[in-house]
Structure formats: C-alpha cells, structure tokens
Amino acid sequence: MSELRIHLEFSGGAELLVGKTKHHDIALPHQPHPWSLRQLIAWIRDNLLKERAELFVTGESVRPGILVLVNSTDWELLGQLDYTLQPNDHVIFISTLHGG
Amino acid sequence: MSELRIHLEFSGGAELLVGKTKHHDIALPHQPHPWSLRQLIAWIRDNLLKERAELFVTGESVRPGILVLVNSTDWELLGQLDYTLQPNDHVIFISTLHGG
Amino acid sequence: MAQLSVEEVGRYGRQLILPEWGRRGQESVKGNSVLIVGVGGLGCPCALYLAAAGIGRLGLLDYDRVELSNLHRQVLHCENRVGVAKSESGRDAVKGLNSHISVTTHTVLLDSSNALSILSQYDIIVDATDNVATRYLLNDGCVLLGKPLVSGSALRFEGQLTVYGWRGGPCYRCLFPSPPPPASVTNCSEGGVLGVVPGVIGSLQALEALKIASGMEPLYSQQLLLFDALGGGFRTIRLRPRQPQCAVCGENPSITALIDYELFCGSRADDKDKRVDIL
Amino acid sequence: MAQLSVEEVGRYGRQLILPEWGRRGQESVKGNSVLIVGVGGLGCPCALYLAAAGIGRLGLLDYDRVELSNLHRQVLHCENRVGVAKSESGRDAVKGLNSHISVTTHTVLLDSSNALSILSQYDIIVDATDNVATRYLLNDGCVLLGKPLVSGSALRFEGQLTVYGWRGGPCYRCLFPSPPPPASVTNCSEGGVLGVVPGVIGSLQALEALKIASGMEPLYSQQLLLFDALGGGFRTIRLRPRQPQCAVCGENPSITALIDYELFCGSRADDKDKRVDIL
Ligand SMILES: [Zn+2]
Ligand SMILES: [Zn+2]
C-alpha cells in the first residue's frame, strides 16, 4: 500500500499562499478510495496553505479566478473536482492575471 | 513483426525539401536490426526528399546547419547517429535560422 | 478588398513574399480594424506591431496620461510626452512609424454606457487593460457583438494570453463565471512588473490579431499561453470549449445587455498609479 | 554598485518592488553594458526594452541606413529617419524613452579587425545580425573574451533563441562546427519575415540580457527556444553542454584568434536589402 506521489505547482500569485514556493513534490497518504481533485484541494487547504484560506478555496473548490490544470490540461476537460489523480500527475493552481 | 511508427517534423526551412510539408507520420518497415537515426536519415533521403539531397545530407549525416532533435532533446545527448528509434518518437530536423 | 499602393508594396515587401500571407493577406489586414483597450504595458508593443504590419485602422483607448513611472514598460510613450493623453501619445508614435494606417483615439473610460458603440466600430478587440471589471465588460461586449477578443495580462514576472470568443472557443466567463475576491487581485502598481514581460505578451497579442485579420487561425484560441520569465518559460494549456451553460455566450444566456461591472466585481475599473514607497 | 537617483527610483518603481529584482537588481542592471549587433528586426525591440529597463550602457552596432522596407519590423526607426544610419536612429529613439542610459553608436561593419576591440567594451553581447559569417565572428569573439552571447534569429514565421557561452553551456560552434552550405541559407530579404516574429524574439533577447545583468539565470542557456507563429507556437529544446572537442571553447581550442569568416562561410557578411519583385 503506497502513497500517491504527485507534483504541485502554484503560479500567477497563488504561490504567495503556500510560502512563496511554486513547486511542491508531495506524497498523499494511502487511502482506500482514489484521490480526487476535490480531496486534493482540501488536503492543500489543511496542509500547505500558510495564508488566508479564502484566497484559495471557496467551499470545496478553488476560489473564483484560480484555474486548475492537470498535465497541461484544463480540469474542466477531465471531470473537474471528480478527476482521479494518477501517480506523477502535475497539477497547477494558477491565479488568472489581470494586470497590464 | 510490425513496422516502426514515428513522427517526423521539418522546420526552419527544411520543410521546403520535403514538399513544403512540416509534419509526416511514417511507418518504417520491419527489419531485423533496430532502426538508428543514421538509417532514418538514409531512408528520408531515399523516400521523402523532393529537392537536392545535398541540402539535407552530407555523407551519412545531416548537412551542417541542420539540428536533429528527438522528443525535444538534442540528438547529441542521445547518441547522435547511433540513437535507436522507439515507437512514437518525435524526430525534428530543424534548419538553424540566420536572419534578423 | 483594400488595394495596396506602390509605396505600401515596397514597405510590406518582406511580408508580401510569404506564401501564406502574400498580397491577399496584406490587403485583408489593410481592410481590418483593431481596437486596443489600454495603451500601457501590453497595449504599446501591440500597437507598435499592428501599425508596423499595416493594420488598416487602429483604435487606441485609454483615459489616462503618460507618467514617468510608465516608461519602464510603456514603450510607445517617451519623456517628451509625459503628461500627454496615452491615446494621443500612442497615435503620435504609430503614425510616425506608419503614416498609412488610420488611427482613432478614444480618450475615455470604457463603461457600460459607451462600450457597445465603441467596440462595434472595430473588427477585432485587444484586451490590454489592467483591472477585472473592464475585462468582464470587454468580454461581454465582444460576445454580444460577436467579435473576437485577444486577451493578455502580465504581473511581476508572469504573462498570460488567450483568444476568447473565436469559433467554438470559450469566452472569459466560460472560464471564470464569477469574479475573483477583490483581496486576491493585484495590479502592476502593487505587485510590480518587469517591463519586458508585457512587451512579449503585447507583441503576441499583435500576432494573434494579425492572424485573424489576415484570415489565418490564431495560435491561442481554446489554448492558454503561460509565460514565466523567472524560470518556467513558455507553456501552452488546452482549455475547455465554449460552455453551453455560460451566462453570456451559452445556449440560454442570462446576460443580454451590459451590466454594472464595478458592482459585479466589487472593485474599481481603473488602476491609477499609486505612490510606491520603497523601503 | 551604480547608485540610483531619485528620478530613477520613480521611473523604475514597478521593478524595484519585485522581491527577486529590487534595488540591488536595478543597480546591477545600471552597472552593466550590452552591445546589440544589428539594429534591425531583432535589435530594435531588444534595444527598446533594454533602454526601458535601465541598462547602464547600450551599444548599437549597424553599418546600414534605414529604408522604408525595414519599417514593417524595425520599430525603433520611423519614416522621418529613412536614410539615417540605423545606429543613430536607434540611439535617438532610446534616448527619447530613457535619457538616463548611455548609448554608444558603432556605425561600422563588424569584422575580424575591429570585433575584439568593440566587444571588449561590453559585458553582454546580443546577436541580432542577419548572416552566417557575422554569427560565427560574434561567437568566436565572445568565447575568446569570455562574454555571454544572447543569440536570436527569425525568418518567415519562425524564430529561434538561445544563450551561448554561459556557465557550462555550449557555444555556437559546439552545435554547428561547420558552416551551412551557402545555398541552404535564406535571409529575410529572400525568404520574407512577418514583422512581429523578430519582435517577439528580440524582446526575449532583452529579457535574457536583463536576467544576466541583474544577476539572475537566463532562461535559455543550454536550451533552444523555437517559435513557430504559423501554428506550432513555443517549444523548448534541451541542448548539449559545452563540447570538450569544440574548436574555440573546448579543452584544446585550435581557434585562438579571429579568422576570415566570409572565407570560412563562403558567403558575405551583409544582408543588403535586395529589390523584391512581386509577381
Ligand atoms: Zn462564455
Ligand atoms: Zn564551443
């Protein structure tokens, strides 16, 4: 029974919420059911967030303005919160920029 | 016994030598020994080149100024002419640009 | 189709000999019009390259005046024109480069009362603005009028670019149905920006507008370009298509007229340069 | 370390507040010098953004004069300055944007007799040239003098960029020990180029020079950036490191002085705009 290793990336300012660190290699603990993006977001909120949670989450999802990408693909194309994480997935949480 | 399917790309002007077509999905015929980049270059010279061969090959290699890339990596890091092709490899022949 | 003069053939020669562009593409570009909303870090390089390429008509919209602190990135302006309206400063610069193009200045704050009448005068809209409310306003206006929106943004060392509202692709609301919490939004005055980053994004916005104007496909419709100048370089993300449930571009849109965007976003539609206190 | 004046702090404010750049980075950039070889399609946006960012000293090298057919891509120049030396036209433009920077014009053809004395006056060299012979000349000169070379190129709809001679990375000869057959080389006059393509590459060359000047790592050392504006977008290729057998930067270099590059390449070191005949 092994952990699920994935790579997280925070960008567009979202990295400021997780200790100004863009890249995180993490090992999610083994559990009987597969890890979904919904659960990953909760795990991040409980284990990585250093700043105000409302700047990252709203309810069980990410707050408006954060786009979630898995392996260079919009999570909307992959089942959004229900997507099942695979080993070595690269998940990016990117805050959309508004400046010019 | 199956053929070896790979994707070829020609760029930076090299595409002009192969019918102005940048992308070619090809199936190399089965042979007892593995296909090397050396053999692929000979195969291209004999099967794809529409224009003067000396603008693509010099001896058994590509002519000076053409860079060979396999899966976004410089072939020099992979054994150059001796590299053994794998199924679905993406091989790019790119002519270095000099204009400005 | 707009005809090219002999002098224009000489000027655009290096483009005319491109088989994929040619006389047809150049005339098509001459017959097109682009509105650049925001003559700042993104808008300046965008205007420069659209003018250089021979866009027929260029609209420059900005209500602000040139300030010294703009010049590290807003390269259409210059020291002599500090204090001048950005729209007019931009016009002077592009007319100096290419007197053939027609330039219209809009020295106004874009809002729900004037947006449709201004946007409708152009074929392609470039979002080079710096605040959330205007981005939603531009998006809704473009969807309602059926115009493609070339959207760019930049902050700190990062840039983003995509084309909204193009042939089955998403609009801004398809991706972001709800605006971000105001506390999460940073502008260039507060977060800073390395000048060349909007330089790269703005140039790419010009490229996208030129692809559309010349009859070619843009690179980044239903694709998001991410640029990280600190270390990540360029990445391209595959995006969702137009969403059937989208409030403005979906099957049963609830938004059929422009709304109050400052109210919607809970933030102002400007980005007045604030005094920067350096420790 | 070069000190910033109060006015400069105001001008560069949006960069000074970036933690990774800050006062230290800005002063470091002010204390650096960059030579841009070629004030054309690549050199113009590069000079613009280096000047905007506050590079201490900028060298502009070009022996040619501004022509009308340049203006679709050479955006530092303008209609008023057709006929003026490109180096001087470029200087006028960048001084108008940023009078703080020091600009030196070199209105010469770079060759083996003058290259080392010119290159040695600068910290960082930008290859914005348009012919093979000068590219080999610049490479060898930079290796002999130990200077990084930010190399860009563009043709038709494509662009390429890499940094040579930086911390274990390859030089131009490591990749291309032999020059290409002259018949295989196309310049922008013959093949054409869409103006905004060198716009993007030249802006990125400015970024790389600024990364080095501010003490940060460039994005593209031992990496090659490929840009295809027609459809492929951006790609990054991992390159070989410095090659021990390289004739100029290897363990036992056979090239220890500049050679005759036109002879070596079998082609001229200029790219005079030829008359373009449009069918
Ligand atoms: Zn929509
Ligand atoms: Zn070398």
Side-chain angles (χ1 to χ4, degrees), chain A residues 7-25 37 41 44-45 49-83 89-100, chain C residues 37-43 73-74 127-135 152-156 158-160 170 172 174-181 183-193 197-198 201-202 222-224 226 228 230-232 235-241 243 265 267 271:
Chain A
H7 184 79
L8 297 184
E9 190 181 336
F10 296 81
S11 190
E15 67 276 17
L16 299 176
L17 304 174
V18 287
K20 299 186 187 176
T21 307
K22 284 187 175 175
H23 295 274
H24 303 252
D25 282 309
L37 275 173
I41 290 168
I44 292 171
R45 180 198 63 215
L49 280 192
K50 304 282 187 289
E51 301 293 321
R52 300 153 53 191
E54 73 275 17
L55 293 182
F56 185 70
V57 291
T58 297
E60 60 176 11
S61 187
V62 287
R63 57 94 172 153
I66 286 186
L67 195 54
V68 186
L69 315 169
V70 184
N71 304 330
S72 295
T73 306
D74 183 351
W75 71 335
E76 191 66 37
L77 297 172
L78 305 171
Q80 233 228 31
L81 289 166
D82 296 322
Y83 170 79
D89 269 350
H90 185 151
V91 185
I92 307 178
F93 295 90
I94 183 157
S95 186
T96 188
L97 304 178
H98 302 96
Chain C
V37 186
V39 191
L42 297 164
R73 72 189 187 276
Q74 303 188 13
D127 183 345
T129 65
D130 53 23
N131 66 87
V132 187
T134 309
R135 290 178 179 277
S153 56
L155 185 67
R156 301 190 188 92
E158 294 185 56
Q160 297 171 1
Y172 190 56
C174 290
L175 263 58
F176 306 109
S178 306
S184 70
V185 180
T186 312
N187 63 32
C188 291
S189 303
E190 301 154 346
V193 66
V197 174
I201 300 296
Q222 214 174 319
Q223 304 270 338
L224 173 65
L226 302 178
D228 177 1
L230 255 190
R235 266 182 302 194
T236 305
I237 305 299
R238 185 164 69 101
L239 291 178
R240 70 197 70 170
Q243 300 288 288
C265 297
S267 56
D271 179 24

Self-check item: From NE2 (A:His98) to CG (C:Asn187), nearest 0.5 Å
Solution: 11.5 Å

Quiz item: Hey, what do you get for NZ (A:Lys22) to CG (C:Asp228), rounding to the nearest 0.5 Å?
Solution: 3.5 Å

Quiz item: How many angstroms lie between CZ in A:Arg63 and OG in C:Ser178, if you round to the nearest 0.5 Å?
Solution: 11.5 Å

Exercise. Quick one: pull up OG in A:Ser95 and CD in C:Gln160 and give me the separation to the nearest 0.5 Å.
Key: 7.5 Å

Quiz prompt | Interchain contact, C:Val193 with chain A, by part (heavy-atom threshold 4.5 Å) | solution = neither

Quiz item: Considering only heavy atoms, which portion of A:Leu16 lies under 4.5 Å from any heavy atom of chain C: side chain, backbone, both, or neither?
Solution: side chain

Quiz prompt | Heavy-atom side-chain contact between C:Glu158 and A:Ser11 under 4.5 Å | solution = yes

Quiz item: Which heavy atom in C:Pro179 sits nearest to a heavy atom in A:Pro64, and how many Å separate them?
Solution: O-CB, 3.3 Å

Quiz item: Does A:Leu67 reach the side chain of C:Leu239, with side-chain heavy atoms less than 4.5 Å apart?
Solution: yes

Self-check item: Side chain proximity check, A:Leu77 to C:Pro241, heavy atoms < 4.5 angstrom
Solution: yes

Practice problem: Find the distance between CG (C:Leu224) and CG (A:Asp74) and round it off to the nearest 0.5 Å. | Solution: 9.0 Å

Exercise. Locate the shortest heavy-atom distance separating A:Ser72 from C:Thr236; write the atom from each residue and the value.
Key: CB-O, 3.9 Å

Practice problem: Give, as side chain, backbone, both or neither, the part of C:Arg240 having an atom under 4.5 angstrom from any heavy atom of chain A. | Solution: both

Quiz item: Less than 4.0 Å between a side-chain N and a carboxylate O, is that true for C:Arg156 and A:Glu15?
Solution: no

Self-check item: C:Cys188 SG to A:Leu97 CG distance, which is reported to the nearest 0.5 Å
Solution: 8.5 Å

Practice problem: Find the one option among C:Ile201, C:Val132, C:Val185 whose heavy-atom pairs under 4.5 Å with chain A are most numerous. | Solution: C:Val132

Self-check item: Contact class of A:Thr96 relative to chain C, heavy atoms under 4.5 angstrom
Solution: both

Self-check item: Residues, nucleotides or ligands: over 12 heavy atoms within 6.0 Å of A:Lys20 NZ
Solution: no

Quiz item: Tell me, side chain or backbone of C:Gln243 under 4.5 Å from chain A's heavy atoms, or both, or neither?
Solution: side chain

Quiz prompt | Region of C:Leu226 in contact with chain A, defined by heavy-atom distances below 4.5 Å | solution = side chain

